[in-house]
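Here the structure comes first, spelled out in structure tokens, and everything after it is commentary.
A, B, ... follow the sequence lines: proteins, then strands. Residue 1 opens every chain.
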2 protein chains.
Amino acid sequence: MRLSTRAQYAVRAMVDLSLYSQGRPVSLKEISRRKEIPLNYLEQLFFRLKKGQIVTSVRGPGGGYVLARQESAIKVGEIVVTVEEQLNPVACLDEGDRSCQREARCLTHTVWQGLGERIKGFLDSITLEDLTREARTRPTGEGSSGKDVCQPVG
Amino acid sequence: MRLSTRAQYAVRAMVDLSLYSQGRPVSLKEISRRKEIPLNYLEQLFFRLKKGQIVTSVRGPGGGYVLARQESAIKVGEIVVTVEEQLNPVACLDEGDRSCQREARCLTHTVWQGLGERIKGFLDSITLEDLTREARTRPTGEGSSGKDVCQPVG
DNA sequence: ACATACTTGACAATTATAGTAAGGTATGTT
DNA sequence: AACATACCTTACTATAATTGTCAAGTATGT
């Protein structure tokens with residue numbers, strides 16, 4: 001029951017983007033440096049995030065990525081779904097799956113369905129704003145080094 | 001964000017055991033036949049379920065497995081955790097993980113932690129009794145063929 | 001022109017999962 | 001005692017997914 005590191009990276013990167021961009025584009029190089037995520041890997045992630053209309057891009061020197069919407073309008077669940085493709089706990093919940101045709105007879109189906117809904121619901125209840133608000137109210141200095149997420153600073 | 005098929009099989013098998021055992025041991029051969037799960041694979045699962053004290057075993061001819069407790073005292077979450085080992089959405093929540101030492105600085109940590117708690121909480125809110133009750137109130141006949149879970153009957 | 005930085009596809013390495021195989025042990029029945 | 005049943009345990013293989021790398025391209029500001 002593991003979230004892919006893709007999803008974890010994506011959320012971390014989006015938090016970084018949100019914190020360091022004040023309307024100005026942030027290059028992946030910057031994010032890569034701050035968050036210690038391989039640049040090429042980030043590029044893949046942001047390719048998806050752009051397709052998912054969560055960010056927009058600015059090409060050329062001084063370019064980079066910008067949030068497509070306000071922080072408060074970007075849900076963590078969105079980010080995760082965009083890079084993960086599927087958030088369903090079991091395959092038979094996926095769209096187009098035909099292995100579980102008679103839902104009424106499927107005892108455990110209801111359980112997995114409910115589980116999926118809880119997961120999605122929870123992640124959708126948290127916005128980028130919620131995550132950055134916390135970071136902004138912290139004392140600056142070491143704490144604002146950017147490595148805020150699951151990476152020991154010392 | 002997929003649950004392993006191990007976990008899905010385990011829950012299905014436990015439902016089967018619960019339905020067909022009235023105090024009497026049910027052999028894995030039976031369950032294997034009804035649920036179309038490879039016998040050897042089932043053996044592995046029940047090895048874990050026994051260690052997890054969710055079932056007890058009776059050896060020899062006529063033997064099999066029996067629920068270790070009442071249906072109402074066996075939570076789906078327990079079954080899943082027992083065969084999955086880990087239910088945490090991210091690695092840094094695992095016991096003994098040292099990669100995320102300064103929790104206070106980890107912005108997204110809280111999200112994954114909350115997610116893990118929701119998942120566990122939801123699965124723990126459902127018991128075997130909940131699942132079998134539904135099955136028992138259904139009309140018998142084709143519906144009681146045993147293939148009740150994510151396996152089309154026709 | 002040149003440098004920056006996004007864009008895109010292909011691919012290799014690693015890991016986890018699913019499933020198979022095989023041999024052993026306990027125990028009830030004849 | 002012999003046999004059949006069914007649990008017990010370990011080891012292994014194949015497959016798939018994930019993670020991460022590489023490489024070559026395109027757009028654009030200076």
Side-chain angles (χ1 to χ4, degrees), chain A residues 1-10 12-13 17 20-21 24-33 35-52 54-68 80 83-91 94 99, chain B residues 1-10 12-13 17 20-21 24-33 35-66 68 80 83-91 94 99:
Chain A
M1 205 62 195
R2 280 279 163 83
L3 209 65
S4 65
T5 63
R6 265 211 304 279
Q8 296 174 54
Y9 282 164
R12 286 172 58 202
L17 174 54
Y20 288 91
S21 160
R24 133 193 113 83
V26 178
S27 73
L28 293 187
K29 209 174 188 177
E30 269 185 68
I31 300 178
S32 166
R33 205 165 28 224
K35 290 293 188 290
E36 294 181 353
I37 302 171
L39 178 58
N40 289 323
Y41 204 33
L42 266 186
E43 288 176 339
Q44 283 181 38
L45 297 182
F46 275 79
F47 177 56
R48 294 176 193 234
L49 291 172
K50 195 191 169 183
K51 269 204 304 187
I54 295 176
V55 298
T56 56
S57 67
V58 179
R59 301 184 79 144
Y65 288 91
V66 189
L67 297 184
V80 172
V83 301
E84 283 254 5
E85 303 287 285
Q86 285 295 351
L87 204 49
N88 293 327
V90 302
D94 288 353
S99 67
Chain B
M1 204 64 194
R2 280 279 161 82
L3 210 66
S4 65
T5 62
R6 263 211 306 278
Q8 298 173 52
Y9 282 164
R12 286 172 58 202
L17 174 54
Y20 288 90
S21 161
R24 132 193 114 82
V26 178
S27 73
L28 293 187
K29 209 176 190 176
E30 268 185 71
I31 300 179
S32 166
R33 206 166 24 225
K35 291 292 187 291
E36 295 180 354
I37 302 171
L39 179 59
N40 286 327
Y41 205 35
L42 266 186
E43 287 176 340
Q44 283 180 38
L45 297 182
F46 275 80
F47 177 55
R48 293 174 194 237
L49 291 172
K50 193 190 172 185
K51 268 203 303 187
Q53 304 188 349
I54 295 176
V55 298
T56 56
S57 66
V58 179
R59 303 184 80 144
Y65 287 93
V66 188
V80 172
V83 299
E84 282 254 6
E85 301 288 285
Q86 285 295 348
L87 204 48
N88 293 328
V90 302
D94 289 353
S99 66

B:Y41 OH to D:dC8 C1': how many Å, rounded? 18 Å

To the nearest Å, give me how far apart CD (B:Q44) and C1' (D:dA11) are. 10 Å

Atom-to-atom span, CG of A:N40 to P of D:dA24 - whole angstrom: 13 Å

Would a 4.5 Å heavy-atom cut-off, applied to side chains only, mark A:L45 and A:Y9 as touching? yes

Any heavy-atom pair between the side chains of A:Y65 and A:T56 that's under 4.5 Å? no

Over all strands shown, is B:Y65 touching base, sugar-phosphate only, or nothing at heavy-atom distances under 4.0 angstrom? sugar-phosphate

D:dT18 C1' sits how many Å from A:Q86 CD, rounded? 16 Å

Is there side-chain contact between A:P89 and A:M1, with heavy atoms separated by less than 4.5 Å? yes

Are B:D94 and B:Q86 packed together at the side-chain level, in the sense that at least one heavy-atom pair is separated by less than 4.5 angstrom? yes

With the side chain counted from C-beta on, respond yes when B:V83 and B:L49 share a heavy-atom pair under 4.5 Å apart, and no when they do not. yes

Pairwise side-chain contact, A:Y41 with A:T5, heavy-atom cut-off 4.5 Å (strictly under): yes

OP1 or OP2 of D:dG20 less than 4.0 angstrom from a side-chain nitrogen or oxygen of A:Y9, does that happen here? yes

Under 4.0 Å from a heavy atom of chain B: give me the 5'-most and 3'-most nucleotides of DNA chain C that qualify. C:dA18 to C:dG28

Quick one: pull up CG in B:N88 and CG in A:L3 and give me the separation to the nearest 0.5 Å. 11.5 Å

When Watson-Crick pairs (N1 to N3 and N6-O4 or O6-N4) and G-U wobble pairs (N1-O2 and O6-N3) count only below 3.5 Å on both distances, what is the dot-bracket string of DNA chain C, with | for other-strand pairs? ||||||||||||||||||||||||||||||

dist B:S32:OG -> B:E43:CD (nearest 0.5 Å) comes out at 9.0 Å

Checking contacts here: which listed nucleotide (D:dC8, D:dC7, D:dA11) is nearest the side-chain heavy atoms of B:F47? D:dC8

Rounded to whole Å, the CG-P distance (B:L45 to D:dC8) equals 13 Å

When rounded to the nearest 0.5 angstrom, what distance separates CD in A:E36 from CD1 in A:I31? 14.0 Å

Under 4.0 Å from any atom of DNA chain C, heavy atoms only: list the residues of residues 54-63 of chain A that qualify, in numerical order. A:S57, A:V58, A:R59, A:G60, A:P61, A:G62, A:G63

How do A:S27 and B:P38 order along DNA chain C: which one's closest nucleotide is nearer the 5' end? A:S27

Whole-Å distance, B:L28 CG to D:dT9 P, equals 13 Å

Separation between CD1 of B:I37 and CD of B:Q8, rounded to the nearest 0.5 Å: 10.0 Å

Separation of A:L39 CG from A:L28 CG (nearest 0.5 Å): 6.0 Å

Rounded interatomic separation in angstrom, taking CD from B:E43 and P from D:dC7: 7 Å

Tell me: CG of B:L49 to P of D:dC8, nearest whole Å? 11 Å

What distance separates A:E30 CD from A:S21 OG, expressed to the nearest 0.5 Å? 9.5 Å

